[in-house]
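All remarks here apply to the structure that follows.
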2 protein chains.
Amino acid sequence: MDTPYIFSKLKNKKTEIFTSTKINEIKSLRDLSQPLFTLRKKTLLITERDKFNGLYLVHSGLLKQSHIRKPGESEIITHFFLPGDIIGLDSICEHHYCGPVTSIETSSLSLIKFRNIDEYLIAQENHNKLLRVLSRSIRTEHARLWRTLSQPSDARLAYFLITMSNKFSELGYSPNAFRLAMSRQEIANYLCMASETVSRIISRFENEGLLSANRHDYFILDPIGLATIAKKNRSSPNFSG
Amino acid sequence: MDTPYIFSKLKNKKTEIFTSTKINEIKSLRDLSQPLFTLRKKTLLITERDKFNGLYLVHSGLLKQSHIRKPGESEIITHFFLPGDIIGLDSICEHHYCGPVTSIETSSLSLIKFRNIDEYLIAQENHNKLLRVLSRSIRTEHARLWRTLSQPSDARLAYFLITMSNKFSELGYSPNAFRLAMSRQEIANYLCMASETVSRIISRFENEGLLSANRHDYFILDPIGLATIAKKNRSSPNFSG
DNA sequence: CGCTCGTTTGAAAGAGGTCAAACTTGGTGG
DNA sequence: CCACCAAGTTTGACCTCTTTCAAACGAGCG
């Protein structure tokens, strides 16, 4: 199947709408941030040696955070940051960021500067916002990692695609037709699998009529079927629901 | 090898010392908490339906938090809580706790009540403490899960034992001789492996002279060798350091 | 003393990783 | 405009690790 017509739309859509109820707190954080700036693709935003100086709010584009590995080793990707995501939550009150952050495609961001956390957060209101965001972040990250950890690779990938789909949906895009700028290798590193496995499973999904994938363009044909695979897990093959 | 002499000491040691510099913030949080209470072994502290009403500070004993699974499925253990740990960090500003929390052995705890988070956290000081604890918790949990996720099972188990060793060391106990009240099955669920695999790897470690394990009592004979196994990973067999 | 539950050990099967080769695509230069 | 090159992707064969199934073992408890 060729690239669906909707992809051409997606590629040009540059809006930065924050429509999700989930990110209400972020909206107000955005008001406190510095002006937008643009980062060209494959550019380092944060190096491993940068000191923590604030949170970055992603307005458009895609970035990744990775762990430092020895040369020759495959990189470990800990986060993909999409529009609406916040970079640096795990580094508040620490001296340095967790790992280098690189843009995968051209992205626009704004900085919420933290010269001194105590100085910045004088308003009780800001404190509470931040607490909420942090606590939610712990929960969702933990849930995501546990899902990844405890499930076979097809379920991991299906869950990843559904998560992406939901994110795009929240941002006002189509949940079933989207472009993922990251490579297969990067998806594999994010999900802790070999890139060959990602390829194989995508091929299998295509054969089963669940989705259509052409390089960076994905088209989910059977969201329910995909969700069924994402929910299945090792210890309960006869899953019901 | 028989149970080393030190175990008898450990079993009777009921102190609740918080000597770690890592948990300075917790110390002061403790001052704000309600009196101690005791929970008998294998007792539910938090059910899946309990509404969030505060953080629990563990003074002694051992508890586990799990995820709700359908009957017949093996449980997923997301956390073990040792003395000095805080239960509920991922549930601040949420309505419910993440999953049921059960004591594995007799434990003593205190509650830091949060009738209303805004009411409780009037003092800026408390806010900052909590921010620090939360941010650190995101980072350490993330690191732990990534380690678990990306490494073979022997490295997972070695890392788990080292983590336990460090925790006991921080609490003022011996780092090389300790009692873990959880069963093999529970360790396996925590590390996302089959309990048989845990058994096999422990046997292997014993044969290799790395440790001696007798039911719930563990005696680390070669901490450096264990650390080497914990650090090795899939993509770099020729690890150096 | 015998029961039960957790643990250990063995054998077989399956999932995923590694290695290697073929293929596709986008960019470059003639 | 076309040929070529480099990088990413796909596919196949093989191998290793882990799980699963099954049975034996051991300790604690009535």
Side-chain angles (χ1 to χ4, degrees), chain A residues 1-3 7 11 41-42 72-77 104-105 148-158 179-207 211-218 229 232-238, chain B residues 2-3 7 11 41-42 72-76 104-105 148-158 179-207 211-218 229 232-238:
Chain A
M1 177 188 282
D2 281 352
T3 304
F7 287 144
K11 282 177 186 170
K41 70 158 93 169
K42 298 190 181 178
E73 299 178 13
S74 67
E75 85 181 315
I76 282 184
I77 295 179
I104 290 177
E105 60 181 355
T148 311
L149 187 57
S150 62
Q151 302 212 349
S153 53
D154 56 348
R156 290 188 202 184
L157 188 59
R179 205 186 106 83
L180 297 179
M182 60 284 253
S183 68
R184 300 271 187 280
Q185 181 65 58
E186 286 171 322
I187 293 174
N189 291 342
Y190 182 64
L191 299 176
C192 279
M193 337 185 327
S195 65
E196 294 93 329
T197 309
V198 174
S199 250
R200 266 184 259 270
I201 294 171
I202 288 180
S203 300
R204 213 185 74 205
F205 285 174
E206 288 191 294
N207 290 335
L211 63 86
S212 156
N214 192 312
R215 291 190 60 76
H216 293 284
D217 298 321
Y218 297 80
I229 291 177
K232 92 162 184 201
N233 66 50
R234 211 161 264 165
S235 30
S236 69
N238 43 354
Chain B
D2 279 352
T3 303
F7 288 143
K11 281 176 186 169
K41 70 157 96 170
K42 297 190 182 180
E73 299 178 15
S74 68
E75 85 181 316
I76 282 184
I104 290 177
E105 60 180 354
T148 311
L149 188 55
S150 61
Q151 303 212 348
S153 53
D154 55 348
R156 291 188 201 184
L157 188 60
R179 206 186 104 83
L180 297 178
M182 61 285 252
S183 67
R184 299 274 188 278
Q185 181 66 57
E186 285 171 323
I187 293 174
N189 291 341
Y190 182 65
L191 299 176
C192 280
M193 339 186 326
S195 66
E196 292 93 329
T197 308
V198 174
S199 250
R200 267 184 258 271
I201 293 172
I202 287 180
S203 300
R204 213 186 74 205
F205 285 173
E206 287 192 295
N207 290 335
L211 61 87
S212 155
N214 192 312
R215 293 190 60 74
H216 293 282
D217 298 321
Y218 297 80
I229 291 176
K232 90 162 183 201
N233 66 49
R234 212 162 263 166
S235 30
S236 69
N238 42 354

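The model shown is predicted, which means the values in this text are computed figures rather than measured ones. Sequence lines set the chain letters: A, B, ... in the order given, protein chains first and strands last, and positions in each chain run from 1.
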Separation of atom [atom1] in [X] from atom [atom2] in [N], rounded to whole Å:
X      : N      : atom1 : atom2 : answer
B:Q151 : D:dC17 : CD    : P     : 15 Å
A:R204 : C:dG14 : CZ    : C1'   : 13 Å
B:N207 : C:dT9  : CG    : P     : 8 Å
A:D154 : C:dG16 : CG    : P     : 6 Å
B:L180 : C:dG6  : CG    : C1'   : 16 Å
A:I201 : C:dA15 : CD1   : P     : 11 Å
B:L191 : D:dT19 : CG    : P     : 10 Å
B:N189 : D:dT19 : CG    : P     : 11 Å

Worksheet entry | Check: A:R200 and A:I202 side chains under 4.5 Å, non-hydrogen atoms | no
Mind listing the N/O atom pairs, protein and nucleotides 7-10 of chain D, below 3.5 Å?
residue: D:dT9; atom: OP1; partner: A:R184; partner atom: N; Å: 3.3
residue: D:dT9; atom: OP2; partner: A:R184; partner atom: N; Å: 3.4
residue: D:dT10; atom: OP1; partner: A:R184; partner atom: NH2; Å: 3.4
residue: D:dT10; atom: OP2; partner: A:R184; partner atom: NE; Å: 2.8
residue: D:dT10; atom: OP2; partner: A:S199; partner atom: OG; Å: 2.4
residue: D:dT10; atom: O5'; partner: A:S199; partner atom: OG; Å: 3.3

Fill in: Candidates D:dT18, C:dG16, D:dT19 - which lies nearest the side chain of A:S153
C:dG16
Practice prompt. Would you mind telling me which of A:V198, A:I77, A:T148 makes a side chain to side chain contact (heavy atoms under 4.5 Å, CB included) with A:Y190?
Written response: A:I77
Discussion item. Could you work out, with salt bridge (Lys or Arg N to Asp or Glu O under 4.0 Å) as the rule, every residue matching A:E186, not counting sequence neighbours?
Written reply: A:K64
Item to complete: Using a cut-off of strictly less than 4.0 Å, decide whether A:T197 has a side-chain nitrogen or oxygen near OP1 or OP2 of C:dG17.
Response: yes
Worksheet item: So how far is it from B:N189 CG to B:I76 CD1, rounded to the nearest 0.5 Å?
Response: 8.0 Å
Worksheet item: Got a donor-acceptor contact below 3.5 angstrom from the B:R156 side chain to the B:L191 backbone?
Response: yes
Worksheet item: When you measure from the side chain of A:S203 to the backbone N and O of A:S199, does any donor-acceptor pair fall under 3.5 Å?
Response: yes
